[in-house]
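For reference, the structure discussed in these notes is given below.
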Amino acid sequence: MQSTTFHFLASIMSSSSRHAGMGNLSQEEAIEGLKKLLIHNDKDEQLSKELETKIEKLISELLGTTPHDCHPVRRILGGFQSFKTNKFDVYPELFSELAEHQTPKFLVFACCDSRVSPSNILDFQPGEAFMFRNIANLVPPFNQLRYSGVGAAIEYAVVKLNVENILVIGHSRCGGIDRLMELPEDGSTENDFIDDWVQIGLPAKAKVKAEFGNLPLDEQKRECEKEAVNLSLTNLQTYPYVRERMARKALALRGGYYDFVEGCFKLWEVKSIISTPIRS
Amino acid sequence: MAVPSPPFSLSKHSLSNPPSFLASNPSLDPSKAPVLRPRNAFGSEANLGGVEQTRLRLWNNLKTNSDLRLQASRELPGLTKELESDKSERMERIEHGTDLFDEMKQRFLSFKKHKYMQNLELYEKLAKDQAPKFMVIACADSRVCPSSILGFQPGEAFVVRNVANMVPPYENGPSETNAGLEFAVNSLKVENILVIGHSRCGGIRALMSMHDDVETSSLIGSWVSVGMNARVRTKAATKLLNFDQQCKHCEKESVNCSLVNLLTYPWVEEKVRNGELAIHGGYYDFVDCAFEKWTLDYKESNLIGKSGKVAVKDRAFWF
């Protein structure tokens, strides 16, 4: 299979102009052939991943779309065609199953930041993660009057979809945490909604100031990015349905931190600690 | 009191070890990669056939035991049963937890090797700043991630995801969605806002199922009432259709409702008027795999006035 794979790829790459057609192969035939390769390539994990990336790139080029294409409509059209060709058409059974219902195992809270999509960095596939994205991936405490958006997502994921895991992912250079750390002490604000939202993180800020107040502001911000994840994990436990499921071990809470400056990812779990009683 | 346990971190240095890690961990052995058939999530591991689907592994199939456990907990809600919790069950859970960590580690390392390290220059640039051209508002539904279906790469789109991809109007006051909107428009100065609705949306279904006069105490109900205008218009326009068809109509109507709500934000309207910002609606149908897209025609919408309708242009349908 491997030699056929390379032979086929070589025949495409050696053509003089990929966009204009490939001599013996029409564009459609080439795309079909590449799609078949994606299905049948089930060898060693590492090699197939590299090959997969190369094949997907080739298909993108054949479709005439490459990343960072600036014209907005062409960009999303290209992206959709690439998805349809590389995923939807390749796994029809999965997608017809998903069309009927979703059974994700994860509820993920991530920041809106364009650099930290969990589908990119943790390769979540369609159907795996119910994903809520907001500024600084904050989860406010349970409140029936305010922030119903977050509450609705938690209620839906936990009660209706019965997810088994909640994952809150923070990240480096977070603009929301930046703003939180720079909030004026006097409570004044120069924007309509951002400050009102990030002030949810004030307990995390207070903790960071207390423990790391001697560090330069930039480093305090890094600490706050992680502390805010812990704060969100704590706040999640104020939702009655979350607490109930955690008590019967049907739901696990985890925190994550993606540092795209250093290129690393931290992951941790929330555990209950009930110490043994002391007898006098 | 639940506290976070000490983190383990995957740094640059662990990149050199993946092959041996894979070899030593049988559950991640590629030749035994589970089949991607969600129906089998409740079945036994014996159903590991079907070459076509091995590549796209899902959490659903990683440990089928977990689903049986979930089923069990649904059937036995009584407190007494839970007190009998098995030691072996707890061991399984711990094992399952470790598997999840392992899987995530593998995925991150794979991302790091095949994407991050292959595009170091881009990532170094992104580490300093982001300048996305798009703001996307999409549903939290696990099937409709904009990065997956529209191929957004790191740095391209600032993404807000909430239940039923709704944008509340300015007068509703602060929410997580308009905090994101303010940041994207005023700080990042995005050039396009795209609101994407989708088929079989649970949030829209909840909206359409709500009783007219009963106040709901659920948070889902409170949130989706933002789309009440869409529901009213849908009910008026689709009297002869069945409930499913009405929901589909509402899914698109709600996108338009959100586009109108976007214009209630003064700093959004100003930029749209000056031609600095374009507002688009989108609809992803994952039953037929089609994507519909349209752009708000600001001038024409103004002429229509306060009827709450939108004029659109540049409608496209991709399938």
How far apart are the closest heavy atoms of [X] and [Y], and which atoms are they?
{"X": "B:Val160", "Y": "A:Cys112", "answer": "CG2-SG, 3.6 Å"}
{"X": "B:Leu150", "Y": "A:Arg75", "answer": "O-NH1, 3.8 Å"}
{"X": "B:Leu219", "Y": "A:Glu155", "answer": "N-OE1, 3.0 Å"}

Atom pair [atom1]/[atom2] of [X] and [Y] - distance to nearest 0.5 Å:
{"X": "A:Leu98", "Y": "B:Asp141", "atom1": "CG", "atom2": "CG", "answer": "9.0 Å"}
{"X": "A:Phe130", "Y": "B:Arg161", "atom1": "CZ", "atom2": "CZ", "answer": "8.5 Å"}
{"X": "B:Leu122", "Y": "A:Arg115", "atom1": "CG", "atom2": "CZ", "answer": "11.0 Å"}
{"X": "B:Gln106", "Y": "A:Asp123", "atom1": "CD", "atom2": "CG", "answer": "11.5 Å"}
{"X": "A:Leu77", "Y": "B:Lys293", "atom1": "CG", "atom2": "NZ", "answer": "10.0 Å"}
{"X": "B:Ser222", "Y": "A:Leu145", "atom1": "OG", "atom2": "CG", "answer": "8.5 Å"}

For [X], is it the side chain, the backbone, both, or neither that has a heavy atom closer than 4.5 Å to a heavy atom of chain B?
{"X": "A:Asp196", "answer": "side chain"}
{"X": "A:Arg245", "answer": "neither"}
{"X": "A:Ala153", "answer": "both"}
{"X": "A:Phe142", "answer": "side chain"}

Aromatic centroids of B:Phe291 and A:Phe83 separated by under 6.0 Å: no

A:Phe193 and B:Trp267 aromatic ring geometry - parallel, tilted or perpendicular at 30°/60° bounds: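 Judged by the thresholds at 30° and 60°, the geometry between B:Trp267 and A:Phe193 is perpendicular.
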
Best-contacting candidate, [options], against chain A by heavy atom pairs under 4.5 angstrom:
{"options": "B:Pro174, B:Ser148, B:Ala278", "result": "B:Pro174"}
{"options": "B:Leu126, B:Val163, B:Val287, B:Asn162", "result": "B:Leu126"}
{"options": "B:Ala131, B:Ala140, B:Ala179", "result": "B:Ala140"}
{"options": "B:Cys139, B:Pro168, B:Ala157, B:Ala316", "result": "B:Ala157"}
{"options": "B:Ser147, B:Cys289, B:Gly151", "result": "B:Cys289"}

Is there a donor-acceptor pair under 3.5 Å between the side chain of [X] and the backbone N or O of [Y]?
{"X": "B:Glu176", "Y": "A:Asn134", "value": "no"}
{"X": "B:Tyr123", "Y": "A:Val261", "value": "no"}
{"X": "B:Lys112", "Y": "A:Gly263", "value": "yes"}
{"X": "B:Arg143", "Y": "A:Gly127", "value": "no"}

Interface moiety of [X] toward chain A, non-hydrogen atoms closer than 4.5 Å:
{"X": "B:Asp288", "result": "backbone"}
{"X": "B:Leu194", "result": "side chain"}
{"X": "B:Phe152", "result": "both"}
{"X": "B:Asp129", "result": "backbone"}
{"X": "B:Cys145", "result": "side chain"}

Does some side-chain heavy atom of [Y] sit less than 4.5 Å from a side-chain heavy atom of [X]?
{"X": "A:Leu122", "Y": "B:Phe108", "answer": "yes"}
{"X": "B:Arg107", "Y": "A:Phe265", "answer": "no"}
{"X": "A:Phe88", "Y": "B:Ile149", "answer": "no"}
{"X": "A:Ile135", "Y": "B:Phe158", "answer": "yes"}
{"X": "B:Asn178", "Y": "A:Trp197", "answer": "no"}

When A:Gln102, A:Lys226, A:Glu100 are compared by non-hydrogen pairs under 4.5 Å with chain B, the top option: A:Gln102

Which of A:Ser117, A:Gly175, A:Gly149, A:Pro140 touches chain B most, by non-hydrogen pairs under 4.5 Å: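 So the answer, after comparing A:Ser117, A:Gly175, A:Gly149, A:Pro140, is A:Gly149.
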
Residues that B:Phe286 engages under ring pair (Phe, Tyr, Trp, His ring centres under 6.0 Å), provided they are two or more places apart: B:His198, B:Tyr284

Evaluation steps, side chain to side chain donor-acceptor pair (under 3.5 Å), between A:Asn120 and B:Gln153: CA-CA 8 Å; A:Asn120 279 324; B:Gln153 297 303 310; 5.0 Å; no

Chi angles and distances behind the side chain to side chain donor-acceptor pair (under 3.5 Å) call for B:Glu156, A:Ser114: CA-CA 6 Å; B:Glu156 293 193 310; A:Ser114 62; over 6 Å; no

Residues A:Arg179 and B:Glu182 bridged, charged N to O under 4.0 Å: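 Looking at A:Arg179 and B:Glu182, the cut-off is not met.
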
Residue list, salt bridge (charged side-chain N to carboxylate O under 4.0 Å, His left out) with A:Arg173, at least two apart or on another chain: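 Partners of A:Arg173 by the salt bridge (charged side-chain N to carboxylate O under 4.0 Å, His left out) criterion come out as none, since no residue qualifies.
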
Test log, rule side-chain contact (heavy atoms from CB on, under 4.5 Å), inputs A:Ile76 and B:Phe134: CA-CA 10 Å; A:Ile76 38 182; B:Phe134 276 92; 4.3 Å; yes

